[in-house]
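The structure under discussion appears below in the form of structure tokens.
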There are 2 protein chains.
Amino acid sequence: MASDHTRSAILTAAERLYADRGFSDVTLRDIVAEAGVNLAAVNYHFGSKDELIAELFVTRSIATNRERLRELKAAEEQGGGRAPIEVILRALVGPTLRGCLGPENQRSTAARFMIRASIESVPPIRRIKNREIDHLRKFVGAMRRALPERSEVDIYWGLNFALAMAHHTIRESERLTKLSEGQCDLDDVEDVVARVVSVATMALTAGRVEAKAPSRVAAR
Amino acid sequence: MASDHTRSAILTAAERLYADRGFSDVTLRDIVAEAGVNLAAVNYHFGSKDELIAELFVTRSIATNRERLRELKAAEEQGGGRAPIEVILRALVGPTLRGCLGPENQRSTAARFMIRASIESVPPIRRIKNREIDHLRKFVGAMRRALPERSEVDIYWGLNFALAMAHHTIRESERLTKLSEGQCDLDDVEDVVARVVSVATMALTAGRVEAKAPSRVAAR
DNA sequence: TTGCAATTCAAACAGTTGTATGAAACTATC
DNA sequence: GATAGTTTCATACAACTGTTTGAATTGCAA
């Protein structure tokens with residue numbers, strides 16, 4: 001094991017290069033040049049290029065998922081096993097958005113890497129995403145408890161739309177900025193979270209629990 | 001020009017293979033084998049692989065955009081230059097969803113190709129998508145006319161969320177089906193359109209034009 | 001110091017990729 | 001039916017890719 005200096009140098013260099021130039025543009029030779037290590041080191045330490053990418057992505061998404069569940073658990077415990085739907089949705093999309101957006105010039109390498117992963121979706125990453133379903137089921141459970149009268153299908157659609165808004169906003173943030181000529185402020189992450197949560201909440205409560213908190217629905 | 005038999009054989013084969021196996025898995029040699037033509041024919045007729053992909057994508061997206069504008073224009077003419085926001089949103093997301101979803105076993109090659117393009121987003125396709133902004137501006141204009149009291153920023157966010165729900169549902173349709181264990185019926189395209197339009201409408205009208213048509217908001 | 005395992009290294013490997021070439025075959029016009 | 005222009009073809013090219021190899025080096029324990 002020694003100090004694992006080479007191993008972590010590869011991880012750092014790979015994340016930075018993938019974040020900057022995307023997966024399809026970066027070769028192992030680029031990575032080892034940036035890391036200042038030998039070409040064979042990648043296969044020695046990670047087995048293959050795909051496993052290197054997988055490790056990068058898994059590390060980051062584990063962190064996000066942990067934060068998601070932490071927020072969800074805290075909310076449900078505070079509410080005696082049942083959290084308000086807005087808070088559940090916030091726990092679902094908040095960590096993802098906070099992890100990727102924010103002022104562009106101060107975005108971490110990790111953030112930019114996750115944006116790339118969201119845009120390009122290379123095979124090893126797709127494989128990992130497919131295993132995320134179990135994780136999402138925990139949110140389905142919480143949402144069901146929060147909205148017991150709501151049909152199961154509506155819950156799934158609500159979840160789908162919440163994730164849609166969060167991920168699409170991340171993926172197409174540049175286009176939204178250009179389209180709105182800078183008027184949409186994507187640097188204000190908490191505003192983005194509030195907007196997504198607000199719309200997703202409406203999607204899940206409209207036509208049913210109308211009586212509840214109509215003042216919360218307006219974005220901002 | 002002759003009959004252009006070779007040219008169209010390449011287009012057909014390429015669309016089919018890309019639809020079935022994705023961009024990264026299909027080589028020019030696969031395409032010419034499927035088309036029964038010579039390898040050099042691709043560069044002769046299209047100039048390069050990227051230009052072939054671009055032509056495939058442009059053809060399909062022009063068709064979608066034309067349909068979008070047709071619906072938008074019809075709606076605005078009927079309303080004397082101002083269409084209801086629901087109809088505008090339906091014109092925006094309807095053609096895209098109808099072009100990609102529907103019963104899986106009867107999905108056209110074109111539909112499956114567009115799903116792939118939505119998932120993989122290869123360079124030549126990304127370039128074309130970036131030119132789509134002018135097209136979207138026409139919808140921004142219509143939405144502004146439909147909701148004159150709404151702030152411009154809210155309009156952009158509403159448009160962004162509408163596209164988010166449509167594209168994410170297309171891209172992740174498989175995952176939604178699996179997560180919901182088949183309960184979410186993605187074959188019923190008009191139901192999907194109605195759900196997306198309903199939520200997007202709420203996003204754009206909540207907190208303002210509340211008085212208007214509260215019966216329409218509930219999806220099914 | 002010696003010995004042994006872990007690590008690093010230069011080099012080559014094996015395969016694939018998109019593209020270019022130049023001759024051959026075809027097609028339509030005169 | 002000769003000719004000019006288009007299209008097709010087999011083949012080679014040139015470059016790049018991830019991976020493997022086997023020797024050299026390093027670091028640590030006995």
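Here is the naming used below: chain letters follow the sequence lines, and residue numbers restart at 1 for every chain. Given the structure is predicted, the values throughout are model-derived calculations rather than measurements.
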Using whole Å, what does the distance between atom [atom2] of nucleotide [N] and atom [atom1] of [X] come to?
{"X": "His45(B)", "N": "dT8(D)", "atom1": "NE2", "atom2": "C1'", "value": "8 Å"}
{"X": "Ile31(A)", "N": "dG18(D)", "atom1": "CD1", "atom2": "C1'", "value": "11 Å"}
{"X": "Ile10(A)", "N": "dT7(C)", "atom1": "CD1", "atom2": "P", "value": "12 Å"}
{"X": "Phe46(B)", "N": "dT7(D)", "atom1": "CZ", "atom2": "P", "value": "12 Å"}
{"X": "Tyr44(B)", "N": "dG22(C)", "atom1": "OH", "atom2": "P", "value": "16 Å"}
{"X": "His5(B)", "N": "dT27(C)", "atom1": "NE2", "atom2": "P", "value": "12 Å"}

Would you mind checking if [Y] and [X] are paired as a salt bridge, meaning a charged N to carboxylate O distance below 4.0 Å?
{"X": "Asp30(B)", "Y": "Arg21(B)", "value": "yes"}
{"X": "Lys73(A)", "Y": "Glu76(A)", "value": "no"}
{"X": "Asp188(B)", "Y": "Arg195(B)", "value": "no"}
{"X": "Arg90(A)", "Y": "Glu71(A)", "value": "no"}

Tell me, please, which residues at least two apart from Glu174(B) pass salt bridge (charged side-chain N to carboxylate O under 4.0 Å, His left out). none

Per-nucleotide protein contact string for nucleotides 13-20 of chain C (B base, S sugar-phosphate only, - none; heavy atom under 4.0 Å): ----BBBB

Under 3.5 Å, which donor-acceptor pairs link side chains of residues 47-56 of chain B to any protein atom two or more places apart or in another chain?
unit_1: Ser48(B); atom_1: OG; unit_2: Glu51(B); atom_2: N; d: 3.3
unit_1: Ser48(B); atom_1: OG; unit_2: Glu51(B); atom_2: OE2; d: 3.2
unit_1: Glu55(B); atom_1: OE1; unit_2: Arg7(B); atom_2: NH2; d: 2.9
unit_1: Glu55(B); atom_1: OE2; unit_2: Arg7(B); atom_2: NH2; d: 2.4

